[in-house]
Amino acid sequence: MRLDKFLANSGVGTRKEVKELLKKRLIKVNDEIVKDGKIHVNENEDTVKYKDEIISYKKFVYIMLNKPNGVISATEDKIHKTVIDLLGDEYRTFEVFPVGRLDIDTEGLLLLTNDGVLSHNLLSPNKHVDKKYYVELEKLLTETDIAKLENGVELKDFTTKDAKVEIIENGEESDKIRVYITISEGKFHQVKRMFKAVGNEVKYLKRVKMGTLSLDENLKLGEYRELTEDELTKLKENF
Ligand code: URA
C-alpha cells in the first residue's frame with residue numbers, strides 16, 4: 001500500500017499532514033528517510049518510523065456514532081448529508097461505511113467501520129443480533145398490543161420474530177408514551193411498521209444498543225468515538 005495511506009491509517013495525521021511530515025524528513029522506511037508518499041510499503045515486512053518511533057499499522061477502524069435526525073446512513077448522497085460527512089479528515093482514508101441503516105429521522109447508535117466481516121456478521125439474519133430501540137409513541141399501548149409485538153406481528157411481507165417490549169412510561173397521566181423494544185431482525189422501517197400494525201405511531205425513534213454495544217450517553221447527536229478494545233472484543237465474541 002502507499003506510504004501516505006499507511007501513515008494516515010495508522011493515525012499519524014491526515015493525508016495533508018502526512019505530506020508535510022514527509023517533506024520535513026520525519027518519516028523513515030527501513031531506516032531510510034523517505035519524502036515521497038507514493039512509494040509502496042508492505043505493512044507486514046517494512047518498518048515505518050515517525051520521528052524514529054515505529055508505527056504499527058491500523059487496518060480497521062470501528063466508530064460509534066450518535067446519528068442525528070436529517071442525516072442518511074449511506075456513504076454518498078446527492079441531496080442529504082451522510083453519516084460519513086460527519087467524520088473528521090483523519091478517517092477519510094479508511095473508507096468506512098455504516099453497518100446497516102437507520103432511517104433519516106431515526107437517531108442513535110450507528111457503527112461505522114471498514115471491517116466487512118464484522119459488518120456481515122452483525123447484519124446477517126442468521127446471527128440474530130439484538131437491536132434495542134427507545135421509542136416514543138402516539139398512543140397508549142394495551143396489554144394485547146404488547147403481546148402482539150412480542151410474539152410476532154403480521155406485516156404485509158412477513159411476520160416479525162419474537163421481540164421484547166419494556167415500558168418506560170405508558171399511563172393516562174404521562175405526557176409521553178415511552179418504551180424500549182428489542183428486535184433481532186432489521187427489515188426496512190421495521191419498528192415503525194410493527195407499531196403501525198398495532199394501530200399506533202412512532203413519534204420518535206432512537207437506537208440505543210446493537211448486540212453488546214450500547215450507545216455512549218456522553219456522545220451528543222452527531223458526535224462519535226472509536227470503540228474501546230473491550231467493546232470491540234465483546235462485540236466480536238459471539239461470532
Ligand atoms: N426500524 C425503523 O422503523 N427505523 C429505523 O431506522 C430502524 C428500525
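For ligands, and for the atoms within them, numbers begin at 1 and follow the listed sequence. Values in this document were obtained by computation on a predicted structure and should not be read as measured data.
Shortest contact from atom 1 (N) of ligand 1 to any protein heavy atom: Val191 N, 3.1 Å.
Taking a cut-off of under 4.0 Å to the non-hydrogen atoms of Thr106, the atoms of ligand 1 that pass are 4 (N), 5 (C), 6 (O). Applying the 4.0 Å criterion to heavy atoms of Leu205 picks out, from ligand 1, the atoms 1 (N), 2 (C), 3 (O), 4 (N), 5 (C).
Of the options Arg178, Lys209, Lys206, a side-chain hydrogen bond (donor to acceptor under 3.5 Å, both in side chains) to Tyr134 is made by Arg178 and by none of the others.
Rounded to the nearest 0.5 angstrom, Glu90 CD and Arg92 CZ are separated by 9.0 Å. From Leu149, atom CG reaches atom CZ of Phe195 across 5.0 Å, with rounding to the nearest 0.5 Å. Considering CG of Leu122 and CG of Leu111, their distance stands at 6.5 Å, rounded to 0.5 Å.
Looking at Val202 against ligand 1, nothing comes within 4.0 Å, counting heavy atoms.
Looking at Asp105 and Asn69, their side chains never bring a donor and an acceptor atom within 3.5 Å of each other.
Here Asp4 does not pair with Lys19 in a salt bridge; the nearest charged N to carboxylate O distance is not below 4.0 Å.
For ligand 1, the polar-atom distance check against His189 finds a nitrogen or oxygen pair separated by under 3.5 Å. Annotation: Asp103 places an N or O atom under 3.5 Å from an N or O atom of ligand 1; distance criterion only. Not one N or O of Arg101 is nearer than 3.5 Å to an N or O of ligand 1, by distance alone.
Distances shorter than 4.0 angstrom occur between a heavy atom of Tyr133 and an atom of ligand 1.
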